Student: 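Here it is, the structure, as structure tokens.
Here the structure is a predicted model, which is why all the values come from computation and not from measurement. The figures here come from the full heavy-atom set of this structure, side chains too, leaving out hydrogens, waters and symmetry mates. Residues take their numbers from the sequence shown, with the count starting at 1.
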Amino acid sequence: MSATATRLVAVLGALAVWAALTATNARLEVVNPVLLPTPAEVGRVGLDLVRSGELIRHVLTSVGRVAQGFGLAAAAALGLGLLVGLCVPLRLMVEPVVEFVRPIPPLAFLPMFLVWFGLGEASKIAFIGYTTFFPMFVAIAASVLRVDVVLLRAAASLGASRADLVRRVLLPAALPGIVVALRVGVGLALFVIVGAEFMGADAGLGHLIMEGRTFFNPPQIVLGALVLGLLGSLVNSLLLAAERRLLRWRAAV
């Protein structure tokens with residue numbers, strides 16, 4: 001069985017288990033059936049929102065915010081992570097600051113982001129960027145530090161310049177770890193967009209979930225969560241495809 005077929009079977013199996021659980025609960029009423037929507041109920045809500053154009057609007061709004069916040073954080077984490085990995089004095093200065101700030105829960109700063117940047121787009125983008133920067137920075141810096149120094153010395157002995165060492169040796173060797181860092185960052189961005197859109201947002205998947213909670217519409221809440229999961233899976237697949245393309249030279253080694 002191919003990998004695609006295996007994944008499809010797994011998805012269909014999960015839907016079947018979900019349908020079986022909700023059908024059993026409807027008969028036994030272990031939990032109020034209203035609180036445990038069936039796949040059919042979630043699908044009906046999704047179709048209604050697609051027909052009205054609301055679901056597309058919410059998805060595009062959240063994707064735009066995630067792309068901007070994650071993009072800024074990824075660029076900063078990649079640049080600073082490379083510098084920290086290459087420059088020991090800079091690493092000694094940055095490391096204690098990062099290790100002090102990193103454990104603070106991002107949600108603790110959400111009210112301050114609203115105060116600093118207002119209720120508009122800037123606060124949501126800044127909050128996503130802040131949340132995703134630290135995990136990506138730590139992972140990227142660690143990937144750079146794990147590159148075998150023998151590779152760098154061998155390239156330098158063959159006449160490679162410092163720029164060549166970074167571009168042709170360091171980045172390719174650290175790329176798998178960098179991709180993992182980006183995958184973690186995307187997951188975190190989709191995770192915190194819900195919290196960011198709970199406050200001061202009139203569109204987005206977080207707003208859709210909050211609206212479902214306000215009007216007691218459990219299928220809409222589940223739909224919003226499933227769409228977030230689908231977006232995360234799609235971006236993860238794109239990053240893995242990009243990694244395979246960029247590292248196709250490894251298959252020939």
Student: Are Leu83 and Leu170 co-members of a hydrophobic cluster defined by side-chain heavy atoms under 4.5 Å apart?
Tutor: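 Hydrophobic grouping puts Leu170 with Leu83.
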Student: Which residue is it: Val235, Leu228, Leu205? I am looking for the one with a side chain to side chain contact (heavy atoms under 4.5 Å, CB included) to Leu190.
Tutor: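 Of Val235, Leu228, Leu205, side chain to side chain contact (heavy atoms under 4.5 Å, CB included) with Leu190 is met by Leu228 alone.
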Student: In terms of relative ring orientation, are Phe137 and Phe133 parallel, tilted or perpendicular, with 30° and 60° separating the classes?
Tutor: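 If you compare the ring of Phe137 with that of Phe133, the planes turn out parallel.
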Student: Are Leu223 and Leu21 connected in the hydrophobic side-chain network, where two residues link if heavy atoms are under 4.5 Å apart?
Tutor: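 No; tracing contacts between hydrophobic side chains, which count when under 4.5 Å, never links both residues.
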Student: Taking all non-hydrogen atoms of both residues into account, name the closest pair between Gly224 and Leu208 and its distance.
Tutor: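 That would be CA-CD2, 4.3 Å.
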Student: Can you confirm whether Arg213 is buried at CZ, in the sense that more than 12 heavy atoms of other residues, nucleotides or ligands lie under 6.0 Å from that atom?
Tutor: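 Open.
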Student: Report the distance from atom CG of Asn236 to atom CG of Leu182, rounding to the nearest 0.5 Å.
Tutor: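 CG of Leu182 is found 11.0 Å from CG of Asn236.
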Student: Just verifying a value: how many Å separate Glu54 CD and Glu211 CD, rounded to the nearest 0.5 Å?
Tutor: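 It is 7.5 Å, given to the nearest 0.5 Å.
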Student: Are any of the side-chain heavy atoms of Arg183 and Leu240 separated by less than 4.5 Å?
Tutor: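 Arg183 reaches Leu240 side chain to side chain.
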Student: Do the side chains of Ile104 and Ile128 join up, straight or via other hydrophobic residues, at under 4.5 Å, putting them in one cluster?
Tutor: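 Result: yes, single cluster for both.
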Student: Quick check: do His58 and Ser62 have side-chain heavy atoms less than 4.5 Å from each other?
Tutor: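 A side-chain contact is absent here, since even the closest heavy-atom pair is not under 4.5 Å.
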Student: Rounded at 0.5 Å granularity, tell me how far CE in Met136 sits from CG in Leu188.
Tutor: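 Answer for the CE-CG pair, Met136 versus Leu188, is 8.5 Å.
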Student: Looking only at non-hydrogen atoms, find the nearest pair between Leu15 and Pro39 and report the distance.
Tutor: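 Where Leu15 meets Pro39 most closely, the heavy atoms are O-CG, 4.3 Å.
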Student: Within the supplied structure, the quantity of interest is the number of heavy atoms (other residues, nucleotides, ligands) at a distance under 6.0 Å from Tyr130 OH; does it exceed 12?
Tutor: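 Counting other residues, nucleotides and ligands, OH of Tyr130 exceeds 12 neighbours.
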Student: Evaluate the criterion side chain to side chain contact (heavy atoms under 4.5 Å, CB included) for residue pair Leu47 and Arg44; output intermediate values, then yes/no.
Tutor: CA-CA 5 Å; Leu47 286 175; Arg44 281 194 294 271; 5.7 Å; no
Student: State, to 0.1 Å, how close Thr22 and Pro37 come at their nearest heavy-atom pair, and which atoms those are.
Tutor: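 Looking at all heavy atoms of both residues, the closest pair is CG2-O, 3.4 Å.
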Student: Can you name the nearest heavy-atom pair linking Ile140 to Gly81, along with the distance?
Tutor: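 Closest approach of Ile140 to Gly81, heavy atoms only: CG2-CA, 4.1 Å.
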Student: Rounded to the nearest 0.5 Å, how far does CG of Leu60 lie from CZ of Arg65?
Tutor: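 Going from the CZ atom of Arg65 to the CG atom of Leu60 covers 11.5 Å.
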Student: To the nearest 0.5 Å, what is the distance between CZ (Phe216) and CD1 (Ile221)?
Tutor: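 That separation rounds to 8.0 Å.
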Student: Do His207 and Thr61 have side chains that approach each other closer than 4.5 Å (heavy atoms only, starting at C-beta)?
Tutor: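 The answer is no, as the side chains (C-beta and beyond) never meet within the 4.5 Å cut-off.
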Student: Side-chain heavy atoms nearer than 4.5 Å, only ILVMFWY residues, links allowed to pass through others: does that put Phe127 and Met112 together?
Tutor: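 Cluster IDs for Phe127 and Met112 match.
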Student: Under 30°, 30 to 60°, or over 60°: which ring-plane class applies to Phe113 and Phe117, parallel, tilted or perpendicular?
Tutor: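 If you compare the ring of Phe113 with that of Phe117, the planes turn out parallel.
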Student: At their closest point, which heavy atom of Phe134 faces which heavy atom of Val101, and how far apart are they?
Tutor: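 Distance-wise, the nearest heavy atoms are CZ-CG1, 3.6 Å.
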Student: If I compare all heavy atoms of Gly129 with all of Ala73, which pair ends up nearest, and what's the gap?
Tutor: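 Closest heavy-atom pair between Gly129 and Ala73: O-CB, 3.4 Å.
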Student: Going through the checks in order, is the side chain to side chain contact (heavy atoms under 4.5 Å, CB included) test met by Leu82 and Leu171?
Tutor: CA-CA 9 Å; Leu82 288 173; Leu171 281 176; 3.9 Å; yes
Student: So that I can tick it off, tell me whether Glu99 and Arg102 are bridged by a salt bridge, with the cut-off set at under 4.0 angstrom between side-chain N and carboxylate O.
Tutor: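 Salt bridge flag = yes for Glu99 with Arg102.
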Student: How long is the straight-line distance from SG of Cys87 back to CG of Leu80, given to the nearest 0.5 Å?
Tutor: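 Interatomic distance, Leu80 CG to Cys87 SG, rounded to 0.5 Å: 10.5 Å.
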Student: Under 4.5 Å between side-chain heavy atoms, counting indirect links through other Ile/Leu/Val/Met/Phe/Trp/Tyr residues: same cluster for Leu78 and Ile125 or not?
Tutor: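 Hydrophobic grouping puts Leu78 apart from Ile125.
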